[in-house]
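We count ligands from 1, going down the list as the structure has it; atoms in each ligand are counted the same way.
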Amino acid sequence: MTTYPPSDDFVKRAHVQGLEAYRALYEQAKADPEKFWSELAQKELSWFKPFTKGLEWNPPFAKWFTGGKINASYNCLDRHVAAGRSAKTAIVFEGEPGDQRIISYQELHRLVCRFASVIKQLGYKAGDRAIIYMPMIPELPIALLACARLGITHSVVFGGFSAEALKARAQDLDATLVITADGGWRRGKEVALKGAVDESLEECPNVRNVVVYKRTGSDIPMTAGRDLWWHELDQKLNAQEAENCPAEELDPEHPLFVLYTSGTTGKPKGILHTTGGYLLQATMTMKWVFDLSPEDVYWCTADIGWVTGHSYIVYGPLSAGATSVLYEGSPDFPAFDRFWDIIERHKVSIFYTSPTAIRALIRQGDDWPNKHDLSSLRLLGSVGEPINPAAWQWFYKVIGKERCPIVDTWWQTETGAIMISPMPGAVPAKPGSATLPLPGIIVEVVDTKGIEVGNNREGYLIIKQPWPSMVRTVWGDPKRFEEQYWSRVPGSYFTGDAARRDDDGYYWVLGRVDDVMNVSGHRLSTMEIESALVHHPAVAEAAVVGKPHEISGQAVCAFVTLKKGEWDHKALQQELRQFVGHEIGPFARPEEIRFTDALPKTRSGKIIRRLLREIVTSKGAPVGDITTLEDMTVLASLSSQHDDD
Ligand code: PRX
């Protein structure tokens, strides 16, 4: 197979140069991980008080950098200002309507201090929890950093989630503060946010305040005593208060944020990340994977509502002192060259996006990128799902002009930072492989008993040693944390992904082995959508599977049995889609809904999803073992159905 080594020019200026340098670093980390990470933590982060112990490991619970005091907001802002980098641009913001803001580190520091003062005056303090539900505007990272400054644990809820999803998260966290906006812009239309907040808070009595940023200026209801305008609170600050909002000196294990992600049950899990270890790996991977240097203009197109935005728009780039682009809207508005236009105008040198976005843009043809000068680019990145070789080649040739290495980065909400990826100046790429694990990350491919399967065989991907940015627990449910991640292969972290290692030691991540789907790089649980569907009064039973999709990787396909009655199937399909949109969020709506009299089940009554997966994949009868099936006729009727039945 062809490999793609970096050019000599790229290698010459890279942080890690050549495969030997990578291997030496990897071996050094492997020999003594605690020492390796401790030395980096001392060197790369600013501490109020030095830590005394690198790692306390009581499997599966880890504490990193015990005894130290640190603050993430301080590391992202104050230390750069103190080191003479105040004038450097931190954020280049572009709103979808075309409005722009260039924010220096000094200005960002000022804005974060002001907003931290605002929430402090409202009485919020370290240990409290805030829900953040905002569009992709600078006030979103400002809200995160203001919370981090005070030790308030934040939980960002992606703007595409519904009021129901918002409510479940606010309740699970017992949040007392919500930070939101009137709305944001997407594809030329306003995406309203405040309405969903109001609806969700009807059942969240512990939320004392909703702070609302004015973005679109549309008319929204404000509940007296609870809802407050961001700008009005800001205007009330006196200059001295605003400038005097020192970062709290926090324990490195202080909860920085919780992000909810789909698992194998209907209820999303609150993945907890803490301060010191998370920040260290977010910072290190900016150097190792993105090869960041002071003159780079870096752009990650993810949404801050997902972990990629947390680690690679907010904490990683700002802690590493990067200049980072933040774009509010959609890649196809007002035209299909919005990405290429932004890269040209802002001279983006590092561009990190998803295979879904790449595939959607390939479809629009090469004329769109070819109209633009993309010569500022020097490195490309991909995340969220396996990248198919055709998309890789297009990215490499049409966007990178065969000059820019591609980093295919494998990681998860739970891992906090990139785990497997080429170091671009050291590891030659193979299209479709995330290549080699980063220093300090010991991965293996194992069978159901936890035994290594050897090269070129498929198995479960596990991580063998604790790492600083690892998930600490499932919020409020340590038992679930233990069962979900640490019980399949005792002592190792179970990723839920299948993988294969080739003879060069390269890892090929093949997809999920559990009931989790990956739709446009968004993680969705089949059970979560099933439980939404069965809430609908017409639905008796539902089974959901992922169906291969040309653009989004997978699409949601639901098999539904109905309660007795006369149903208009076409109208009901529409209604059920809307219903899932309301229960979870529009992005979770099934692309396809098939009605059936029965679902394939085992004799003990378990739905056999494997068979449904085979039906949607092959468009014919399943080929695998069907001897456990209770009623064979079910299968014949399901396989003969067509998409729009
Ligand atoms: O299946 C893997 C896939 O996305 C899952 C993690 O999803 P989430 O927690 O939402 O985080 C996404 C962004 C880090 C993984 O279990 N995945 C992520 N990156 C890749 C990938 N699959 C293959 N190649 C990747 N580069």
Enquirer: Flag the pair E482 and K479 as a salt bridge only when some basic side-chain nitrogen lies within less than 4.0 angstrom of an acidic carboxylate oxygen.
Expert: no
Enquirer: Looking at F161, does the NZ or CZ of R169 lie under 6.0 angstrom from its six-membered ring centre and within 45 degrees of the ring axis?
Expert: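 The answer is yes; both the distance and angle limits are met.
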Enquirer: Closest approach of G384 and N518, non-hydrogen atoms and distance?
Expert: O-ND2, 2.7 Å
Enquirer: State whether D296 and R378 are salt-bridged, where the test is any N-O pair (Lys NZ or Arg NE/NH1/NH2 against Asp/Glu carboxylate O) under 4.0 Å.
Expert: yes
Enquirer: When you look for protein heavy atoms under 4.0 Å from ligand 1, which residues do they belong to?
Expert: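 Within 4.0 Å of ligand 1, the protein residues are T308, V383, G384, E385, P386, D408, T409, W410, W411, Q412, T413, D497, V509, R512, N518, R523.
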Enquirer: Test R338 against E94 for salt bridge (charged side-chain N to carboxylate O under 4.0 Å, His left out), laying out the working first.
Expert: CA-CA 11 Å; R338 188 67 186 257; E94 181 152 324; 3.0 Å; yes
Enquirer: Check the surroundings of atom CD in E550: do more than 12 heavy atoms from other residues, nucleotides or ligands lie under 6.0 Å from it?
Expert: no
